[in-house]
Asks: 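One structure, as structure tokens, below. Some questions next.
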Amino acid sequence: MDRFANEIENIYKTYGIFRTIPAPLTAIAQALGYVVKYFLLTAENMHISGVTFYKKKEILINPDEYGRRYSFTLAHELGHIVLGHDCDSVDEYDTRDDINNPKQGT
């Protein structure tokens with residue numbers, strides 16, 4: 001947790017982002033060079049909340065995510081970026097079930 005807090009503090013200082021409530025998640029993503037947008041919803045991907053494409057510097061959010069759920073999903077994807085989960089595998093995404101019912105010990 002300390003590593004994450006230090007990384008976030010470094011982002012605020014480096015990019016001159018002001019601390020506000022709620023946290024300026026889109027500004028943080030942009031400061032890190034990422035574009036945040038909704039993905040086209042289909043029957044195959046409707047269970048996905050969000051996904052990050054590291055090489056393309058894109059964070060895609062399910063269009064059904066809004067309000068607090070949108071913020072949670074964006075913060076979750078930023079967590080992957082800040083913690084260095086730099087992977088562009090098509091199998092690397094979290095479903096709503098993964099987030100709502102995390103596996104113990106992983």
Side-chain angles (χ1 to χ4, degrees):
M1 192 66 169
D2 287 340
R3 178 178 165 226
F4 185 71
N6 290 337
E7 290 290 336
I8 292 298
E9 188 61 35
N10 187 43
I11 289 168
Y12 279 119
K13 287 179 182 176
T14 301
Y15 298 103
I17 299 171
F18 293 101
R19 288 185 169 274
T20 61
I21 297 176
L25 299 173
T26 302
I28 291 169
Q30 291 170 342
L32 294 172
Y34 283 79
V35 174
V36 180
K37 55 188 173 182
Y38 290 112
F39 59 79
L40 181 62
L41 195 60
T42 66
E44 291 80 31
N45 68 16
M46 65 188 313
H47 66 288
I48 298 172
S49 293
V51 63
T52 298
F53 293 105
Y54 301 91
K55 292 176 186 160
K56 292 166 67 173
K57 295 271 192 178
E58 290 181 338
I59 300 171
L60 303 180
I61 307 289
N62 185 316
D64 286 342
E65 307 278 316
Y66 56 89
R68 289 182 180 158
R69 184 65 201 197
Y70 174 90
S71 296
F72 176 86
T73 299
L74 181 52
H76 179 92
E77 294 305 318
L78 287 170
H80 285 298
I81 294 164
V82 171
L83 294 175
H85 301 171
D86 191 3
C87 179
D88 269 335
S89 166
V90 293
D91 296 323
E92 286 294 321
Y93 59 83
D94 296 310
T95 66
R96 289 185 181 151
D97 278 345
D98 295 334
I99 294 168
N100 292 333
N101 301 302
K103 297 178 185 92
Q104 296 299 318
T106 61

Asks: What pairs with Arg68 under salt bridge (Lys or Arg N to Asp or Glu O under 4.0 Å), at least two apart in sequence or on another chain?
Replies: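 Salt bridge (Lys or Arg N to Asp or Glu O under 4.0 Å) check on Arg68 returns nothing, list empty.
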Asks: Measure the shortest side-chain to side-chain distance between Tyr15 and Gln30 over non-hydrogen atoms and say whether it is less than 4.5 angstrom.
Replies: no
Asks: Leu41 and Ile48: same hydrophobic cluster, using ILVMFWY side-chain contacts below 4.5 Å?
Replies: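 Looking at the clustering, Ile48 is in the same group as Leu41.
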Asks: Taking all atoms of both residues into account, what is the closest heavy-atom pair of Val36 and Ala29, and its distance?
Replies: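 Scanning both residues, the minimum pair turns out to be CG2-CB, 3.6 Å.
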Asks: Between Val35 and Val82, is there a shared hydrophobic cluster once you connect ILVMFWY residues whose side-chain heavy atoms come closer than 4.5 Å?
Replies: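 Val35 and Val82: separate clusters.
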Asks: Rounded to the nearest 0.5 Å, what's the gap from OG1 on Thr52 to NE2 on His76? Could you check?
Replies: 8.0 Å
Asks: Indicate the atoms forming the closest heavy-atom contact of Tyr12 with Phe18, along with that distance.
Replies: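 Tyr12 and Phe18 have their closest heavy atoms at CE2-O, 3.9 Å.
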Asks: Indicate the atoms forming the closest heavy-atom contact of Ile11 with Leu32, along with that distance.
Replies: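 Distance-wise, the nearest heavy atoms are CD1-CD2, 3.9 Å.
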Asks: Glu9: what forms a salt bridge (Lys or Arg N to Asp or Glu O under 4.0 Å) with it, not counting sequence neighbours?
Replies: Arg19
Asks: Tyr66 and Val51: same hydrophobic cluster, using ILVMFWY side-chain contacts below 4.5 Å?
Replies: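 Result: no, two separate clusters.
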Asks: Report the residues that fulfil salt bridge (Lys or Arg N to Asp or Glu O under 4.0 Å) with Lys37, sequence neighbours left out, ordered by chain and then residue number.
Replies: Glu58
Asks: Begin with the C-alpha distance, continue with both residues' side-chain angles, and end with the deciding distance and a verdict on side chain to side chain contact (heavy atoms under 4.5 Å, CB included) for Ile59 and Leu78.
Replies: CA-CA 9 Å; Ile59 300 171; Leu78 287 170; 4.0 Å; yes
Asks: Could you tell me whether a side-chain N or O of Asn62 sits under 3.5 Å from a main-chain N or O of Met46, the two making a donor and an acceptor?
Replies: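 Yes.
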Asks: Might you point out which heavy atoms bring Glu77 and Gly50 nearest each other, and give the distance in Å?
Replies: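 Shortest heavy-atom contact: OE2-O, 3.2 Å.
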Asks: Considering all heavy atoms of both residues, which atom of Glu44 and which atom of His47 are nearest to each other, and what is their separation?
Replies: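 Smallest heavy-atom distance, with atoms named: O-CE1, 3.0 Å.
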Asks: Please find the pair of heavy atoms, one from Gly33 and one from Lys57, that lie closest to each other, and give the distance.
Replies: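 Gly33 and Lys57 have their closest heavy atoms at O-CB, 3.3 Å.
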